[in-house]
Amino acid sequence: MTTRGIIFANCLIVSYFLLIWHINYFQVDNVLIGVFRELLTIPFLLAIPVFFGFRG
């Protein structure tokens, strides 16, 4: 994986968690958003150490 791809993936992960924080902060309550949040949170959490390992 290239450095550019790793940077893009890391920015995507950070953006996702910032979006989740904003949804919680502004108390947005939508079923569709909740479904995607539940489906994507664990894969994004598991991706953090994977891309951290690619860094080295």
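Predicted model only: the values in this text are computed from it and were never measured. The chain is numbered in sequence order, starting from 1.
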Novice: Should Val50 and Ile13 be counted in the same cluster of Ile, Leu, Val, Met, Phe, Trp and Tyr side chains packed under 4.5 Å apart?
Specialist: yes
Novice: Determine all donor-acceptor pairs shorter than 3.5 Å in which one atom belongs to a side chain in residues 36-49; sequence neighbours excluded.
Specialist:
from, atom 1, to, atom 2, distance (Å)
Arg37, NH1, Asn24, OD1, 3.4
Thr41, OG1, Tyr16, OH, 2.9
Thr41, OG1, Arg37, O, 2.5

Novice: Just how far is it from atom OG1 of Thr2 to atom CZ of Phe8, taken to the nearest 0.5 Å?
Specialist: 11.0 Å
Novice: Just verifying a value: how many Å separate Leu18 CG and Cys11 SG, rounded to the nearest 0.5 Å?
Specialist: 10.5 Å
Novice: Kindly work out whether a path of hydrophobic side-chain contacts (I/L/V/M/F/W/Y, heavy atoms less than 4.5 Å apart) joins Trp21 to Val14.
Specialist: no
Novice: Taking only residues two or more places apart in sequence, or in another chain, which ones meet Phe26 in a ring-ring contact (aromatic ring centres under 6.0 Å, His included)?
Specialist: none
Novice: Test: side chain to side chain donor-acceptor pair (under 3.5 Å). Region: residues 25-34. Which pairs qualify, not counting sequence neighbours?
Specialist: none
